[in-house]
Q: 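One structure follows; several queries about it will come next.
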Amino acid sequence: MLRRQRHFLPAKPRRRPPPRPKPSAEPSAPTYTRDVVRRVTNILRDHPWSAARPLLLSLPGLVWDSHVVARVLKTHPPLQKAFLFFRLAASSPTPGAAFRHDRYTYTSMLHLLGEAGRVPAMLHLLAEMLRAGVDPDAATFTTVMHWLARAGDVDAAMRVWEEMRSRRGKCRPTLVSYTACVKILFDAGRAAEGRRVFEEMVAEGLRPSCTTYTVLIEHLADAGKFQATLQIMSDMQDAGVEPDKPLCNILVKKCASAGETSVMTFILQHMKEKGIVLRRPVFLEALEALKASGESPNLLWEVNPHLASEGMEYDPTFSHLSCITDRSTIIYLLASRNWSAIEQMVNELTTRNVKFESHILSDIIQASCANCRPSCGLTVLYYSLRVGSELDRSAYSCLLGQYIRNDSFDLVSKIVERLIKHGCNLGAYLLSVLILRLGSAGHSSYAAHIFGLSPADQNVITYTALMNAYFQAGEVDKALELFSQMITNEISASAGTYEVLIYGLQKAGRKQDSDRYRRERMEMQWHRQYRDKHSPEDSLCDHLFCGFHG
């Protein structure tokens, strides 16, 4: 039987799967301007300029353009570093074309200078802006005008206003400009001019805002025309502008100060309808005014139920609790590092004789010195002396150290003198460190003055520190005379004292005298080895001066 031959089909080649695409790298996270601005601000706050400059030039994502530079300046970095950053932006390498400051960056820098009270520097920068061919806008003129008026030069502020008006083709005054000008004139007692500016604003077709009405109402209240303030409030409501919380608080405060309870009642009724509440200090003044006039404070409680729930309605001591608001404001300003505002507020508190907690004042001094703003710390120090608050010694050390590093030795001497006259106990250690630093700088006269201010702290430590100051200044005879005075006052010399004497005499080339004091030191140490205890002053003196050579 024949078998059927099998036929096999040729094998099909196996199909290879297509190669898998390689996973692409994860897209990098986008760089946001707010993050770059935050990094730049932190660099300016936390580093000296010598370290901050290379960090800024190599910061990834930093684009040197008008928007970023203006945003950084508006975060209020330290003034000196802000100005250096402003200069660095103009000289930084920008791809494509060199960066040039425009009116936005110039205005931001002008505002920082004006806020810090550097009016001449602000005017110099404005002149530089004009020379560079950058046309100021209304915001620039308004900024300069505002800070000139705050500095007390109203005439210069009005010349800036006239310059802005003369540029109507290029720069037209805005509502904010008119409002600022009206306020400047009212505050300067030039009410007729202020009214003419307001009428000009209306004639230009600008609609007054709530801030503009607030300026008018505050002026009328200061003039005692409280019925006219009610008419202005009615007119602004007819114009579709509702009185806001600041306006109501200002007007209630003015009414309380003048005893105008009828107008105050009308405003409180409006606040009740709109759900507006008073600030705590204004609430207290209103409460006292109603009590003085014999009227019921029920409406006041209805407007401010949150204050009644705290149990303060009949507490006689609550009239002094306005310091709670001041305290909160100071803490907020400290957290935002707004040193100019803190200085102004502390000066205001000084005139009111309001006492603050010592630890808050100490924190302000230490933080202001750390941010290179010792003027703020000095203002707080003088305030604490006036109200009788004794600060931490660390605060005194920070402030004095800052002025020593700035070579302001005359001011250091005056600060120490004022502290001691007010009964502040700096202690022997801090005094000796001050004398040492003054001696190292070659100011033995200041060191001797500080030594003589506190007789209670004249011990072996301060005597030895002053001897070292004399040796540093080359006044060897004065140092030996001081040593003899110390022995006469029955103050025993320590090993540190002899260390200063021996090294100072050797340096002056008086080998015979140094050998004599070396023998005295050996004799003193031989006697002292049989004593079980050493005084704390001797131990501290040995710690400071043994092994100390200038």
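Since this is a predicted model, take the numbers as computed values, not measurements.
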Q: Enter the distance from Thr143:OG1 to Leu113:CG here, rounded to the nearest 0.5 Å.
A: 11.5 Å
Q: State plainly whether the residues Glu163 and Arg167 are in salt-bridge range, i.e. N to O under 4.0 Å.
A: yes
Q: Can you tell me if Ser177 and Thr142 form a side-chain donor-acceptor pair at under 3.5 Å?
A: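 Looking only at side-chain atoms, Thr142 and Ser177 do form a donor-acceptor pair, the distance falling under 3.5 Å.
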Q: Between the side chain of His101 and the main-chain N/O of Phe86, is any donor-acceptor distance below 3.5 Å?
A: yes
Q: So, Arg103 and Asp135, do they make that salt bridge, N to O below 4.0 Å?
A: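 A salt bridge is absent here (no side-chain N lies under 4.0 Å from a carboxylate O).
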Q: With a 4.0 Å cut-off, would you call Glu128 and Arg87 a salt bridge?
A: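 Yes, Glu128 and Arg87 are salt-bridged.
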Q: Identify whether the distance between the nearest side-chain nitrogen and carboxylate oxygen of Arg373 and Glu343 falls below 4.0 Å.
A: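 Counted as a salt bridge, because a side-chain N and a carboxylate O are separated by less than 4.0 Å.
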Q: Do the charged groups of Glu204 and Arg172 touch, with an N to O distance under 4.0 Å?
A: yes
Q: Would the distance check show the side chain of Ser234 and the main-chain N or O of Leu230 forming a donor-acceptor pair, the cut-off being under 3.5 Å?
A: no
Q: I'd like to know if the side chain of His270 and the backbone of Leu268 have a donor-acceptor N/O pair within less than 3.5 Å.
A: no
Q: How about OH on Tyr104, more than 12 heavy atoms from neighbouring residues, nucleotides or ligands closer than 6.0 Å, or not?
A: no
Q: Between Phe83 and Trp49, is the ring centre distance below 6.0 Å?
A: no
Q: Taking atom types as modelled, is there a side-chain donor on Thr105 or Ser66 under 3.5 Å from an acceptor on the other?
A: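 Per modelled atom types, Thr105 and Ser66 side chains form no pair under 3.5 Å.
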Q: Short question: side chain of Asp153, backbone of Ala149 - any donor-acceptor pair under 3.5 Å?
A: no
Q: Applying side-chain contact (heavy atoms from CB on, under 4.5 Å), run through Leu206 and Val202 and close with a yes or a no.
A: CA-CA 5 Å; Leu206 296 175; Val202 176; over 6 Å; no
Q: Using a strict cut-off of less than 4.0 Å between a Lys/Arg side-chain nitrogen and an Asp/Glu carboxylate oxygen, indicate whether Asp187 and Lys183 qualify as a salt bridge.
A: yes
Q: Between Asp244 and Lys274, does the salt bridge (charged side-chain N to carboxylate O under 4.0 Å, His left out) criterion hold? Intermediate values first, please.
A: CA-CA 9 Å; Asp244 58 2; Lys274 302 297 181 180; over 6 Å; no
Q: Atom CD of residue position Gln80 - does it have more than 12 heavy atoms of other residues, nucleotides or ligands inside 6.0 Å?
A: no
Q: So, does Asn304 use its side chain to make a donor-acceptor pair with the main chain of Leu278 at under 3.5 Å?
A: yes
Q: Using a distance-only test with no angle check, is there a side-chain donor-acceptor pair under 3.5 angstrom linking Glu115 and Ser340?
A: no
Q: Would you say the side-chain atoms of Asn371 and Ser368 include a donor-acceptor pair closer than 3.5 Å?
A: no
Q: Does a salt bridge link Arg165 with Glu162, judged by any charged N lying under 4.0 Å from a carboxylate O?
A: yes
Q: Under 6.0 Å from the six-membered ring centre of Tyr32 and within 45° of its axis: does the NZ or CZ of Arg34 meet both?
A: yes
